[in-house]
Amino acid sequence: MTLTQSLEKCPYCRETIAAGATRCKHCHASLVENGNNAAFGSKYNTFRTGFLCGILFTLILVVLGYLHFSAGN
């Protein structure tokens, strides 16, 4: 077995990892198959949660900025 045959690419970040690895050393994604592909679902849910929190934070800042500047007049 040569070195190039013992390496593969991570399906999430496309970085080179050891063949048969259970977790990517670059993006820390779980590479274990659970039948329902839980690693993809957990990454998607994490992104969606962060995105929605960012939108909520932005809306709060806009409302506070509006209240601050409208109160000065």
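What you see is a predicted model, and the numbers here were worked out from it, not measured in a lab. For the single chain, residues carry numbers from 1 onward in sequence order. For the numbers below, each heavy atom of this structure counts, side chains included, while hydrogens, waters and symmetry mates do not.
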Of all heavy-atom pairs linking Lys25 and Thr16, the shortest is CE-O, 4.2 Å
Set of residues satisfying side chain to side chain contact (heavy atoms under 4.5 Å, CB included) with respect to Ile60, sequence neighbours excluded: Leu56, Leu64
Where do His26 and Cys13 come nearest, in terms of heavy atoms and distance? CB-SG, 4.0 Å
Dump the intermediate steps for side chain to side chain contact (heavy atoms under 4.5 Å, CB included) on Leu31 and Arg23, then the final yes or no. CA-CA 5 Å; Leu31 304 174; Arg23 183 172 291 278; 5.8 Å; no
Output for pair (Arg14 CZ, Cys24 SG), nearest 0.5 Å, gives 11.0 Å
Are the side chains of Leu67 and Val63 in contact, using a 4.5 Å heavy-atom criterion? yes
Interatomic distance, CD@Glu15 vs CG@Leu7, rounded to 0.5 Å, equals 12.0 Å
For Leu61, the other hydrophobic cluster members (4.5 Å side-chain criterion, sorted by chain and number) are Phe57
Tyr12 and Ala29: which non-hydrogen atoms are nearest, and at how many Å? CD1-CB, 3.3 Å
